[in-house]
Protein chains: 2
Amino acid sequence: MAITIRDVAKAAGVSVATVSRVANGSANDYPVRPETRERVLEAIVRLGYRPNDNARRLLLKRSGLIGIVVPDISNPYYPEVARGVEDVANANGFTVMFCSTDRMPEKAASYLEALLLKRVDGLVIIGGGDEIQLSDSSVATYDTKVVFVGRPSKSFSTVRIDNVGAARDATEHLLALGHSRIGFIAAGTSSTTVTERRRGYIQAIEASGATVDDELIVDGDFSEAVGHAAAQRLLRLPDPPTAIFAANDRMALGAMAAIADLGLSVPQDVALVGFDDVPMSAFLRPALTTVSVAAQELGVRAMEALVKDINAADGRTVRRRIRVATRLIVRESCGATLHSSHGGLASPAVSSH
Amino acid sequence: MAITIRDVAKAAGVSVATVSRVANGSANDYPVRPETRERVLEAIVRLGYRPNDNARRLLLKRSGLIGIVVPDISNPYYPEVARGVEDVANANGFTVMFCSTDRMPEKAASYLEALLLKRVDGLVIIGGGDEIQLSDSSVATYDTKVVFVGRPSKSFSTVRIDNVGAARDATEHLLALGHSRIGFIAAGTSSTTVTERRRGYIQAIEASGATVDDELIVDGDFSEAVGHAAAQRLLRLPDPPTAIFAANDRMALGAMAAIADLGLSVPQDVALVGFDDVPMSAFLRPALTTVSVAAQELGVRAMEALVKDINAADGRTVRRRIRVATRLIVRESCGATLHSSHGGLASPAVSSH
DNA sequence: TTGTAAGCGTTATCAT
DNA sequence: ATGATAACGCTTACAA
């Protein structure tokens, strides 16, 4: 049986209230005679006492928990934004619970249910598509604050990037490099991230005066394997594209492999651009030109918003719409630096959003 | 204010005990008249009642929480084993809390403290080195079951792979391919994972009759950037290695970039082998030869052990030592398939441990 | 400055 | 089959 506050009280010869007053971080400015405090502290360390979190939370009506829901933990992009959330959460005394839905509706529903049941103080929903169904009423019932990262919402606060603008820039970059047939590797229609990136791609193509060729838009699912298959399909077209824009870096890596497998080379035969700028991308050869999204900052901003909402005295929630800038990181895979020296680490950013 | 069991009781015209008996999953075989049950159920959904987890846990003395501690969330290997833990945990009614220490002792300590405070029922410590300090006494006090994954322990259960054997095999593979000067990119001395892999490397070299050249062993830190720098240093040696064995795939990717940056090619000029077989590795070109570790299975086995310990009627903990097999996945980067056809996806495994 | 005692929302024991 | 009620371990008025 674990040590309780009563054990400490007895050991120190004081009442439980006194123990609570020295043990409890939030109330430790309460006046306690230094001598008494000393005695209690000694008993606490000697017995190895730790206050029971469930009991505290039950009373405090605050779980001190933040739930993070991501679609796919194996995509290095999500851990990075989760890290941002985590840092701010910890700094503010919250503990985070990390859940991956694997883009499965049942898993998403059961996690959301479990998190609500745990009375999380805040919920950070990162990316994902239709699989996430979160009714305002259920979170309202338990006064849970919610922020969406990288996905839109009619009712909750959002932290987002300008996917349309960033994708338009990336496509325009390729256009400016002389490419007219540019393939786009998407990823379903359920995720707004991808529908927006697709829209940016289409806008750029149309703005250039060309018409969009549906054949050049193929579907992926964010994984390397599917990026590989998609690129293969694009390059086997009768009139194949000379450049490919993948909706994320993992698919871009798959595409890069497919290009090599067909005996072609990047960027000479096919130019390639990704999206996310995950750590690996700078170390591919050719180094991947991609859109950098400051994933960690997304998480930081989201959690900061949550902290404000949770601590709001009036209990009212502000609906925020926060934008985080992106930058096109021009490395080697797009062909823009064909004649420059090596190393994709320090390259110029040509455009921001 | 949230709906409590009393609100439901009032609404359904029954006592709280009755509500508890129909709401409580673990006691729902308790006899309740179908008609009454119906009425209660109706009230529950109508009011949107969810039992307060803190109150339940306080009474039940079980948090239902499993803590997972990893050294570095941005390394795709850890999420994979975490996934295995998560799956088994969820299937058994546990919720997991995921924490990344970033290999920082203070972060590790504060997370461990927070987890113990939350009275986690189980703790899965994955990898990491000296930064993790977990005294048996503190976990014993709160009857927390612990499993270490991929790191040794004198007192706790472990789920491990044979790092020495796997590294020996990988090195022998390179030796058999005719390489005599093989570089090894390590990663500090604090992580036993790496010291063991280093030992395997050394054993293979010595078994071949050669002597180990300390110059060929350079230190990394598991990241691409440092793998890049380490390979650069190796290849600028007066008598550079013709093959490099990196202690993980991320460093191998960095090494691959460094090799390309020096105008050399893999595997013709320098053969390369990694460790972990993260998803990306099959899609590098040349595809990376690496040691596959069934990361998810490690997590599954760890959590299974934990579930057994937690549910043990006698409350006693068995100290288990579980081994999970590894396989050397021969792809292109080692040069063994130089004259075979493309595609590193389906390749023969030459050795297991 | 310290102690007493009333809850927080459940579950489980004991009556009925 | 159902209802009172006593815990679980803690924080915080309120009293002393």
Side-chain angles (χ1 to χ4, degrees), chain A residues 1-41 43-44 47-64 93 116-119 121 141-143, chain B residues 1-41 43-44 47-64 93 116-119 121 141-143:
Chain A
M1 182 54 86
I3 309 297
T4 77
I5 198 172
R6 250 173 283 270
D7 299 322
V8 179
K10 195 171 303 174
V14 296
S15 74
V16 294
T18 304
V19 177
S20 175
R21 295 198 262 254
V22 349
N24 183 346
S26 61
N28 60 5
D29 47 350
Y30 195 97
V32 173
R33 193 153 49 96
E35 190 180 311
T36 313
R37 168 174 306 244
E38 203 54 46
R39 206 146 32 95
V40 174
L41 245 21
I44 287 177
L47 301 182
Y49 166 73
R50 289 166 210 255
N52 182 311
D53 210 61
N54 283 317
R56 308 191 62 222
R57 300 302 183 183
L58 172 57
L59 206 52
L60 268 23
K61 295 173 168 328
R62 279 281 184 82
S63 65
L116 253 22
L117 205 111
K118 284 225 173 307
R119 301 285 199 280
D121 294 331
T141 312
Y142 292 99
D143 191 38
Chain B
M1 182 56 84
I3 309 298
T4 79
I5 198 171
R6 249 174 284 270
D7 299 321
V8 179
K10 195 170 303 174
V14 296
S15 74
V16 294
T18 304
V19 177
S20 175
R21 292 198 264 256
V22 347
N24 183 347
S26 61
N28 60 5
D29 48 350
Y30 195 98
V32 174
R33 192 152 51 95
E35 193 180 309
T36 314
R37 171 178 303 256
E38 203 55 45
R39 205 146 31 93
V40 174
L41 245 22
I44 287 178
L47 301 183
Y49 165 73
R50 291 167 208 258
N52 181 311
D53 211 60
N54 283 318
R56 307 190 64 220
R57 301 301 184 183
L58 172 57
L59 206 51
L60 267 23
K61 294 176 168 328
R62 279 283 183 81
S63 65
L116 252 25
L117 205 113
K118 284 227 172 307
R119 301 287 200 279
D121 294 331
T141 311
Y142 292 99
D143 192 37

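Just so it is clear: chains get the letters A, B, ... in the order the sequence lines come, proteins before strands, and each one is counted from 1.
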Which sits closer to the 5' end of DNA chain D, Leu59(A) or Ala17(B), going by the nucleotide each is nearest to? Ala17(B)
In whole Å, I'd like the distance from the CD1 atom of Ile5(B) to the P atom of dA6(D). 17 Å
Closest of dT2(C), dC10(D), dA4(D) to the Ser15(B) side chain is dA4(D)
For a quick test of reading the model: is some side-chain N or O of Thr4(B) closer than 4.0 Å to OP1 or OP2 of dG9(C)? no
Is there a side-chain contact between Arg56(B) and the phosphate of dT11(C), meaning an N or O under 4.0 Å from OP1 or OP2? yes
Assess whether one donor atom and one acceptor atom, taken from the side chain of Tyr30(A) and the base of dT2(C), lie less than 3.5 Å apart. yes
Nucleotide dG9(D), atom P - distance to CZ of Arg50(A) in whole Å: 17 Å
According to a strict under-4.0 Å criterion, is Thr18(B) in side-chain N/O contact with OP1 or OP2 of dG3(D)? yes
Taking 4.0 Å as the cut-off, does a side-chain nitrogen or oxygen of Lys61(B) come that near to OP1 or OP2 on dT11(C)? no
Measuring to OP1 and OP2 of dT2(C), would you say a side-chain N or O of Thr36(A) lies under 4.0 angstrom away? yes
To the nearest Å, how far apart are Arg6(B) CZ and dT10(C) P? 8 Å
Which nucleotide sits closest to the side chain of Leu60(A): dT5(D), dG9(C), dT11(D)? dT11(D)
Presence of Arg57(B) side-chain N/O under 4.0 Å of dT10(C) phosphate oxygens OP1/OP2: no
Does the base of dG3(C) carry an N or O that pairs as donor and acceptor with the side chain of Arg21(A) under 3.5 Å? yes
